[in-house]
Amino acid sequence: MTQTQDPRERQRLERYDPVSIEPRWQARWEELGLYKTNLEDRRERFYLLTMYPYPSGDLHIGHWYIKTPTDAIARYQRMHGKNVFLPIGFDAFGLPAENAAIKNKINPRDWTMANIENMRRQLRSMGATFDWDAEVVTADPDYYRWNQWFFLQFLKAGLAYRQKSQVDWCPNDGTLAREQVEGVDRRCWRCGAKVEKRDLDQWYLRVTKYADELLDFSEIEFPDPVRTQQTNWIGRSEGGEIVFETAPSAHHAGGEELRVFTTRPDTLFGATFMVLAPEHPLVGALTAPERRAEVEAYLAGAQVQTEIERMSTDREKTGVALGAEAVNPVNGERIPIFVADYVLGGYGTGAIMAVPAHDERDYAFAEKFGLPIRRVVARPGEEAADLVGAAYIAHSDDEVLVNSGEYDGLSADEGGRRIVAALEARGKGKAAVTYRLRDWLISRQRYWGTPIPIIYCETHGAVPVPEEDLPVRLPDNVDYEGSGVNPLTRDEAFLNVACPIGGEPARRETDTMDTFIDSSWYWYRYLSPRQAGTPFDVDVVESWTPVQQYTGGAEHAVMHLLYAREWTKMMRDIGLVRQNEPWRRVFNQGQILGADGERMSKSRGNVQDPDDLVQKYGADTVRLFLMFMGPWDQGGPWSPSGIGGVYRFLNRVWALSLDPHYREPGDPDAGTLPDGQDEGAARAALRAAAHRTLREVTGDYEAFHFNTMVAKLMELSNTLYRYRGTSVAGGPEWDEAVRLLLLMLAPAAPHITEELWSRRLPAAGQAWSSIHTASWPELDLSAVAESTREVPVQVNGKVRDRIVVASNADAAAVEAAALASPRVRELLAGRTPHRIIQAGGGRLVNLVVRD
RNA sequence: GCCGGAGUGGCGGAAUGGCAGACGCGGCCGACUUAAAAUCGGCCGCCCGAAAGGGCGUGCGGGUUCGAAUCCCGCCUCCGGUACCA
């Protein structure tokens, strides 16, 4: 067994050369069809979905950061015997393609398809187990025709509608959904330009219908921040709708209804004025002739200000009196009506009752315009004198109504309920719920997207394109004039069409759909990507979805992740699927930033190209390094320092597997067992290390704790290294440990493990089979058990000694051993501990002594 | 402002009520080598001490507990989201 050897005489160990190993195995796996999923297979299914990339041209390291651990999950689940489906596709419509087309005068399709081709190559170089047969490219007419089909079904079901409205408009990107406008200064999520307002006829999806249902997360497991963000975005508020009436005046007959929404109906007696949003339809009618000039100037100013700094942080209140009054339904009081842009046209009823004593914004407005402030809610014990002038915004349980007529003395909550009930009896109000969520504006004034299948006819209006005429294809050759104006609007061949109803000359809708529609259902299409006649095979969809696990970035928390839930519910309501949610569980990995801590982008010049790293270290090292960097949900600035450590680790795995008997000339202890260990103990220690690692690594894979998973495999390889060249190296326990190490490492570093595995099998007299078809190893708990254990002993909470006891020692034995320790006796100095605590079943002892 | 997340060695990070700093980077020392690289081994939170050992230490201040990086209260800083939502 023991060999003496002169290293200079040994044949040199073959070098670990990932660049030659990796492409060879990738080709072999493809040849074997190892990752083609048979969707008919009845084994337990595991649909693993990762957000499909936008084909911007190059994969950067951030893509690998999402996809590498996802691939490891797929491989891990396969080793557990599950039928795993891991598809991939491309989010191929969108603005960058169009901008590139304008700049270079090429077709967006050509630009996009060339990028996709490059990204396919890069994705393959990761060694990921994507099932390429399921690939979906959204710019393919066979895909986007179903966007059109869905739109028509939603139209029939009343879930889609057209409306003229003020929309957020980016000078570069055209119409934006509300979610796509970012920040205080209202900038475009995509290009960062200032967003303006425009009045346009637009198509909407009626997603507000699902507001309450979307607040129910019982069937979907989201990271907490995503759930919170969606909840806030939907923004449900309970309160009352109260009907004020306009008062008659010299210029106005009065009696018109002015509805307001409030969350504080209990403060109705404190309403001292009313405010309408600039967009409110009654502003014009209510304005007194002598006020008209000023009001119109204000409205014009508000329009301009939306384009400039209306939302600036100082946000001083502005507004103008209309010269009209409203009647408070609860006490008949007449209060003045103002128009002010701090009231939003799109929320609630676009009008508020202003209660300056109990609302910060109303208070600021009242102060500025010298309007009365009347307290109507008081805390018990507050004197009448305390109530003058100041505002009281807080809302607590023990407050009562004052200055509120018959409701005085009631608790605010109870008073509010009674006020609403009394108004309701008179038809002057009712309990109401309002949401912040708006319907989804899907029209985009862009070429590179799904054409909205509508034809405008002078006789028949907006006519849906008949289903049999789908898809409405994007013309391939369009004329880019170097401007952002949608070229479809001047493409006569596309525009001119006969009305499907009467055959009259008519024109096509030139708007295309928001690309978030493409990404709202692509994983259903993956399951039957070439299905004709329906968007997907419903039986396959029912058996494979909701998706088991979805992985991707948190930046989509209130966009993609909300739109797709809405879409699924709409599909359900037109009878297409039976599920309520698209996915069961979503995980957000962190974001890799550039070395400068900023988002990686070509313009910043901080992009890390994975190809360079793969060339230098191999895909396995890059994969493993990305997993090892830190917790997966954390991300952080990119720094390649440390990648060498991971590369060294793989080299050590290589050396251990191929050359167990080597003795390191630089190590004085090489070839000798650790102090105090005989061969039997060494063998047991090897097995214990391997199985303990297996126990922990299994838990880490399950919890997506890839960084600690790698650390523990490094520890195991360090242990093996300690025994390399000793009498136990190459023995059965050693062999088992190496085997477990390779199996545990296989999901993360698939190439090197496959290479080493394929060399082990013939050595063991077995036929070749891929390590990726092997089963996850079985844990042998008896191997983990040890005969002794170390117990830290604390005195007053500070560790003062460590004692070794038999691993089956009971509490009394541990206590006795602790008290017998010379060090402890010295510290106790004759005192008797008044308390002895053993934590975790004797894992730690704490002796508590009083001074 | 509001909502969410985070703050631990020179650095990435580990430990979620029980031995703080696993694993890795980096640094220092040593071995191997004619030499260098590669490789291998050892040491490295701060302060006192020759050592044994002791004191301090997880953003700051308090608290709960036999015991706190971890739980509670009050702050500070950074990152993400949001922007007058009545």
Side-chain angles (χ1 to χ4, degrees), chain A residues 7-8 181-186 223-229 231-233 235 237 239 260-264 267 275 310-311 313 315 317 340-344 346-349 351-355 358-362 364-365 434-437 554-555 557-558 590-591 593 597 625 628-631 633-637 639-646 648-649 651-652 655 662-670 705 707-715 718 721-722 724 790-799 801-802 823 833-840 843-849:
Chain A
R8 276 162 298 188
V181 180
E182 295 185 331
V184 192
D185 51 352
R186 297 174 45 79
D224 283 345
V226 174
R227 198 171 57 227
T228 314
Q229 276 186 67
T231 302
N232 292 343
W233 189 262
S237 295
V260 303
F261 173 75
T262 178
T263 54
R264 295 290 305 275
T267 63
V275 185
R310 173 172 166 184
M311 299 294 181
T313 35
R315 54 188 190 199
K317 296 282 179 286
D341 65 9
Y342 83 91
V343 174
L344 306 175
Y347 181 77
T349 61
I352 61 158
M353 63 177 208
V355 185
H358 303 291
D359 182 279
E360 226 175 328
R361 297 150 300 178
D362 297 344
F365 192 87
T434 301
Y435 302 88
R436 216 180 88 113
L437 183 73
E555 66 273 19
V558 291
Q591 197 170 30
L593 306 170
F625 177 59
F628 183 56
M629 277 173 57
D633 56 5
Q634 195 174 292
S639 162
S641 78
I643 193 168
V646 172
R648 265 191 286 282
F649 162 63
N651 273 285
R652 284 158 73 95
Y662 181 69
R663 288 205 196 141
E664 175 58 46
D667 178 1
D669 295 329
H705 293 165
N707 56 331
T708 52
M709 177 274 287
V710 176
K712 283 159 195 165
L713 293 179
M714 285 174 166
E715 274 183 90
N718 289 345
Y721 241 66
R722 178 62 191 84
R724 196 180 179 208
E790 197 184 67
V791 179
V793 181
Q794 297 180 332
V795 176
N796 287 341
K798 285 188 203 294
V799 177
D801 197 12
R802 289 157 220 277
R823 197 118 172 77
H834 84 278
R835 240 181 116 181
I836 297 175
I837 289 146
Q838 291 197 26
R843 246 183 23 256
L844 173 144
V845 180
N846 188 13
L847 308 171
V848 186
V849 268

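Remark: C75(B) base-pairs with G59(B). Criterion, Watson-Crick or G-U wobble with two distances under 3.5 Å. Nucleotide A14(B) has no partner under the Watson-Crick or G-U criteria, as no pair reaches both atom distances under 3.5 Å. Across all strands shown, G80(B) forms a Watson-Crick or G-U wobble pair, both distances under 3.5 Å, with C3(B). Pairing for C40(B) goes to G30(B), judged as Watson-Crick or G-U wobble with the two contacts each under 3.5 Å. Taking a pair to require two hydrogen-bonding distances under 3.5 Å in either a Watson-Crick or a G-U wobble arrangement, U65(B) remains unpaired.
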Nucleic acid footprint by protein, nucleotides 43-55 of chain B - heavy-atom cut-off 4.0 Å, B for base, S for sugar-phosphate alone: ----------SSS
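Among the atoms of the strands shown, none is found under 4.0 Å from any heavy atom of Ser639(A).
Of the candidates A86(B), C23(B), G18(B), the closest approach to any side-chain atom of Leu844(A) belongs to G18(B). Out of C23(B), C66(B), A86(B), the shortest distance to the side chain of Asn846(A) is found at C66(B).
Applying the side chain to side chain contact (heavy atoms under 4.5 Å, CB included) criterion to Val848(A), with sequence neighbours excluded, gives Asn796(A), His834(A), Arg835(A), Ile837(A), Asn846(A). For Phe625(A), the ring pair (Phe, Tyr, Trp, His ring centres under 6.0 Å) partners at least two apart in sequence or on another chain are Trp638(A).
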N/O contacts under 3.5 Å, protein versus nucleotides 77-81 of chain B?
residue	atom	partner	partner atom	Å
G81(B)	O2'	Gln229(A)	OE1	3.2

So which protein N/O to nucleotides 40-42 of chain B N/O distances come out below 3.5 Å?
residue	atom	partner	partner atom	Å
C40(B)	OP1	Arg652(A)	NH1	2.7
C40(B)	O4'	Glu664(A)	OE1	3.3
C40(B)	O4'	Glu664(A)	OE2	3.4
C40(B)	O2	Gly666(A)	O	3.4

Just the atom pairs and distances: protein N or O near nucleotides 4-15 of chain B's N or O, under 3.5 Å.
residue	atom	partner	partner atom	Å
G12(B)	O2'	Met629(A)	O	2.7
G13(B)	OP1	Gln634(A)	NE2	2.4
G13(B)	O3'	Asn707(A)	ND2	3.4
A14(B)	OP1	Asn707(A)	ND2	2.8

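Rounded to whole Å, the distance from NZ on Lys317(A) to C1' on A86(B) is 11 Å. Asp341(A) has its CG atom 15 Å from the C1' atom of A86(B), to the nearest Å.
Both tests hold for Lys317(A) against Tyr342(A): distance to the six-membered ring centre under 6.0 Å, angle to the ring axis within 45°. Under a cutoff of 6.0 Å and an axis angle of 45°, Arg724(A) and Tyr721(A) form a cation-pi pair.
Across all their heavy atoms, Tyr347(A) and Tyr435(A) have their closest contact at CE1-O, 3.5 Å.
Look at Tyr347(A) and you'll find a side-chain N or O under 4.0 angstrom from OP1 or OP2 of A86(B). At least one side-chain nitrogen or oxygen of Arg835(A) sits closer than 4.0 Å to the OP1 or OP2 atom of C66(B).
Thr708(A) OG1 to Phe628(A) CZ: the interatomic distance, rounded to the nearest 0.5 Å, is 10.0 Å.
Regarding the sugar-base torsion, G49(B) falls in the anti class, its angle being beyond 90° of 0.
No side-chain donor-acceptor contact under 3.5 Å links Asn232(A) and Arg436(A).
Between Ile352(A) and Asp362(A), the closest side-chain pair of non-hydrogen atoms falls below 4.5 Å.
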